[in-house]
Amino acid sequence: MSPRVPRVLAVAGTDPTGGAGQHADLKSIAAMGGYGMSAVTAVVVQNTLGVRCVHVPPVEFLAAQLDAVAEDVEIDAVKIGMLGSVPVIETVTRWLEDRRPPVVVLDPVMVATSGGRLLEREAEDALRAMLGHADLVTPNLPELAVLAQEEIASSWAEALAQGHRVARAHGTLVLVKGGHLTGDRTPDALVGPDAPKPLVAFDGARVPTENSHGTGCSLSSALATLQARHGDWAHSLRIAREWLRGALERSGDLAVGHGSGPVHHFHHVQDALESWGAAPARFSDELWAASAGVRREIEELDFVRGLGDGRLEPERFLAYLDQDLQYLDGYSRALTLLAARAPDERQRLFFAAGAVSCTETESELHRARLRHAGPGAAGAGPGEVTRRYTSFLLAATAAEPYPVGLAAVLPCFWVYADVGRHLGELAAAAGTGEHPYADWLATYADEGFQEATRTARELLDEAARGASPAVRERMREVFLEACALERDFFAAPVAAVRLAGIDGIE
Ligand SMILES: Nc1ncnc2c1ncn2[C@@H]1O[C@H](COP(=O)(O)OP(=O)(O)OP(=O)(O)O)[C@@H](O)[C@H]1O
Ligand SMILES: Cc1ncc(CO)c(N)n1
């Protein structure tokens, strides 16, 4: 009877960044409902950018690991990955001869996705000689060519024919994988020794991502696990492919490394966690936490305290409003640029509406105040911080990737909404009588503004999910830069008024 939770052993090398090798195997085995175990063949110093060096422990040590597992645990399937050298191949072969588990999947690892050899060239013959021990061999196209001792197939039809020659020569099943084909399809097919026609073939559109570190390891260990449970290779391949597609599509949820990143092995578990009410980890939460220091500095500014308790001198407030009006002009243009670049109608409308509201509602409030204060209240041109902040916004929204533009405009929503909420509390605490800035405070504490802030945050999280690690890093930088500019902006009117030497301020 097939075990409900198959016990699957990965015999493979390591990847300290967790995306390939036995780390990917253990995650994939667990993701497919198996119990994962691992014996180390080689300790590999690598990351998502490349392989740095390889240490092969004495083979006696590997043999002892294999025996320790087999003497204690009934192994339902084994997945063999990186072997590296002839003595390692011979050790694993001897173990298979003695204690072969019912399912053996061999991924003939030769070169990492990131480049870097993982099999010595002189070990290729020994690896070929081992193929007959496997039920299924899962080479990528360059590995298939080495096994066939032929040129790399340049079309899918050639790859299938080559797969059949390897299957026939070694009496095993071969999974011919199209991951290395050029073009937008990634077909996979199972080819047996008896006929060139595949036993089963699947096709699918290539997932547009650079995050393919460890896909081969992940697919082969998922297949070993599913096969131990179902005993049907075609069915196992169908499920494994569907899962791997999700793992590739959701790889952007992970922010791991600067090169070809890992796939998200547990994307389905993340969905389950969210459906159980576990708070999803949001990229915006990370950014918010990183900005805590700057936000504290904002709350401690004289200007902000005075605005909250109503004691702020009117001159300071007018100097601030004057700059804010000019700032809003730039901000509105930045939102318009984002609207033009938005990938869908919802986002386009959101930013276009934001641009309108900025110019009409908020600016009107400012103008009314400035008019009320009489001639001379409006200063000359934009101050240094106003100029710096608006130039930064326009550059980010016009010339950087769209998600980076989103990160640049978000603090103006979010920090303001947060300061507005904080000011509301200060105003309530100050309590008595008419608050001189009540109408102004109300705009930012307003539910409509808070709602717009929530939407802008959701859009940023959505964009971050599809972004590369490099773009996410840039989003983080730009978000923090915008928060620092918010702080400088709140601090500027005091500085400017001081510089102008207006009486009664110091
Ligand atoms: N961008 C992609 N979109 C969809 N499927 C992909 C993509 N990249 C890889 N795959 C699938 O992943 C599986 C393994 O791919 P591939 O042939 O590239 O393995 P590999 O080179 O052995 O991987 P690695 O060396 O990274 O472990 C195949 O089923 C392939 O179709
Ligand atoms: C240890 C190990 N095995 C396999 C691969 C192939 O991706 C890798 N990069 N590292």
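- Contact of the V415 side chain with the C483 side chain is registered, since non-hydrogen atoms from C-beta on lie closer than 4.5 Å.
- Contact check for R117 versus E120: no side-chain heavy atoms found under the 4.5 Å cut-off.
- Judged by distance alone, the side chain of Y389 and the main-chain N or O of Y331 form no donor-acceptor pair under 3.5 Å.
- The CG atom of L175 lies 12.0 Å from the CG atom of L106; values are rounded to the nearest 0.5 Å.
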* E477 vs R474, salt bridge (charged side-chain N to carboxylate O under 4.0 Å, His left out): CA-CA, chis, key distance, verdict -> CA-CA 5 Å; E477 278 170 16; R474 183 72 189 129; 2.7 Å; yes
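- Not a single ring pair (Phe, Tyr, Trp, His ring centres under 6.0 Å) links W233 to another residue, sequence neighbours left out.
- The minimum heavy-atom distance linking T172 with A134 is given by the pair OG1-O, 3.0 Å.
- For F413 against A452, the heavy-atom pair with the smallest separation is CE2-CB, 4.0 Å.
- The local environment of CG in D72 is sparse, with at most 12 non-hydrogen atoms from other residues, nucleotides or ligands closer than 6.0 Å.
- Of the options L147, L144, L141, a side-chain contact (heavy atoms from CB on, under 4.5 Å) to Q162 is made by L144 and by none of the others.
- Using a 4.0 Å cut-off between a side-chain N of Lys or Arg and a carboxylate O of Asp or Glu, R472 and D253 do not qualify as a salt bridge.
- In this structure, the separation between CZ on R245 and OG1 on T215 is 12.5 Å, given to the nearest 0.5 Å.
- The closest donor-acceptor contact from the side chain of T186 to the backbone of G178 lies at 3.5 Å or more, if one exists at all.
- Under the 4.5 Å side-chain criterion, counting only non-hydrogen atoms from C-beta, D25 is not in contact with S218.
- R295 CZ to I298 CD1: the interatomic distance, rounded to the nearest 0.5 Å, is 8.5 Å.
- A salt bridge links E473 and R476; the closest N-O separation between the charged side-chain nitrogens and carboxylate oxygens is under 4.0 Å.
- Not one N or O on the side chain of K79 forms a donor-acceptor pair closer than 3.5 Å with the backbone of A12.
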* To do: Could you walk me through whether R206 and D184 pass the salt bridge (charged side-chain N to carboxylate O under 4.0 Å, His left out) test, one step at a time?
  => CA-CA 5 Å; R206 182 175 292 278; D184 62 359; over 6 Å; no
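- We find the CZ-CG distance between R241 and L223 to be 10.5 Å, quoted to the nearest 0.5 Å.
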Cut-off 3.5 Å, no hydrogens considered: what does the side-chain donor-acceptor table look like for residues 82-91, sequence neighbours left out?
{"unit_1": "T91", "atom_1": "OG1", "unit_2": "P87", "atom_2": "O", "d": "2.7"}

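- Atoms CD and OG, from E486 and S291 in turn, are 10.5 Å apart once rounded to the nearest 0.5 Å.
- Under the 3.5 Å distance criterion, the side-chain polar atoms of S251 are left unmatched by any main-chain donor or acceptor of P262.
- When side chains are defined from C-beta on, W414 counts as touching F479, because their heavy atoms get closer than 4.5 Å.
- Considering all non-hydrogen atoms of both residues, T453 and A417 come closest at OG1-CB, 3.6 Å.
- The two residues A339 and A352 have their closest heavy-atom pair at CB-N, 3.7 Å.
- Open room surrounds CD on E74; 12 or fewer heavy atoms of other groups in view lie less than 6.0 Å from it.
- Between H235 and H230, the angle of the ring planes goes over 60°, which puts this pair in the perpendicular group of the 30/60° scheme.
- Shown here for S221 and C217, the closest heavy-atom pair between the two residues is OG-O, 2.8 Å.
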* Asked: Could you go step by step and tell me if F392 and V478 meet the side-chain contact (heavy atoms from CB on, under 4.5 Å) rule?
  -> CA-CA 9 Å; F392 156 85; V478 159; 3.8 Å; yes
* To do: Go through the steps to decide whether R465 and E462 satisfy the test salt bridge (charged side-chain N to carboxylate O under 4.0 Å, His left out), and finish with yes or no.
  => CA-CA 5 Å; R465 274 199 286 280; E462 209 172 292; 5.1 Å; no
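- With hydrogens and angles ignored, the 3.5 Å screen pairs no side-chain donor or acceptor of D76 with any backbone N or O of P6.
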* To do: Could you walk me through whether V166 and V191 pass side-chain contact (heavy atoms from CB on, under 4.5 Å), step by step?
  => CA-CA 9 Å; V166 171; V191 183; over 6 Å; no
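- The pair E458-R454 does not meet the salt-bridge criterion, since no charged nitrogen lies less than 4.0 angstrom from a carboxylate oxygen.
- Across every non-hydrogen atom of L49 and N47, the tightest pair is N-OD1, 2.8 Å.
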* Asked: R250 and Q270: side-chain contact (heavy atoms from CB on, under 4.5 Å), yes or no, with the steps?
  -> CA-CA 10 Å; R250 298 279 293 279; Q270 187 167 312; 3.7 Å; yes
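- In summary, R100 and D135 engage in a salt bridge, as defined by a charged side-chain N under 4.0 Å from a carboxylate O.
- In summary, R341 and E400 do not engage in a salt bridge, as defined by a charged side-chain N under 4.0 Å from a carboxylate O.
- Side-chain atoms of D461 come within 3.5 Å of backbone atoms of S284 as a donor-acceptor pair (strictly under, hydrogens ignored).
- Annotation for H258: atom NE2 does not count as buried by contact number, only 12 or fewer foreign heavy atoms lying within 6.0 Å.
- Within the 4.5 Å cutoff, the side chain of S357 has no heavy atoms near those of the F449 side chain.
- Residues V105 and Q227 are not in side-chain contact: their nearest non-hydrogen atoms beyond the backbone lie 4.5 Å or more apart.
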* side-chain contact (heavy atoms from CB on, under 4.5 Å) assessment of V146 paired with L119 -> CA-CA 12 Å; V146 172; L119 179 76; over 6 Å; no
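- Environment of CZ in F266: crowded, with over 12 heavy atoms of neighbouring residues, nucleotides or ligands closer than 6.0 Å.
- Counting only heavy atoms from C-beta outward, the side chains of T14 and H23 approach each other to under 4.5 Å.
- Evaluation of the side-chain hydrogen bond (donor to acceptor under 3.5 Å, both in side chains) test over residues 55-64, restricted to residues two or more places apart or in two chains, returns none.
- Within the 4.5 Å cutoff, the side chain of W156 has no heavy atoms near those of the R185 side chain.
- The closest donor-acceptor contact from the side chain of R229 to the backbone of V5 lies at 3.5 Å or more, if one exists at all.
- For E97, the CD atom is densely surrounded, since the number of other residues' heavy atoms within 6.0 Å is greater than 12.
- Side chain of W243 to main chain of L219: no donor-acceptor pair is present (N/O by atom type, distance under 3.5 Å, no hydrogens or angles).
- E242 CD: 12 or fewer foreign heavy atoms inside a 6.0 Å radius.
- I152 contributes atom CD1, which lies 11.0 Å from atom CD of E158 (distance to the nearest 0.5 angstrom).
- With no hydrogens or angles considered, no side-chain donor-acceptor pair links T93 and H133 at under 3.5 Å.
- No donor-acceptor pair under 3.5 Å is formed between the side chain of H264 and the backbone N or O of G252.
- The closest donor-acceptor contact from the side chain of E143 to the backbone of M110 lies under 3.5 Å.
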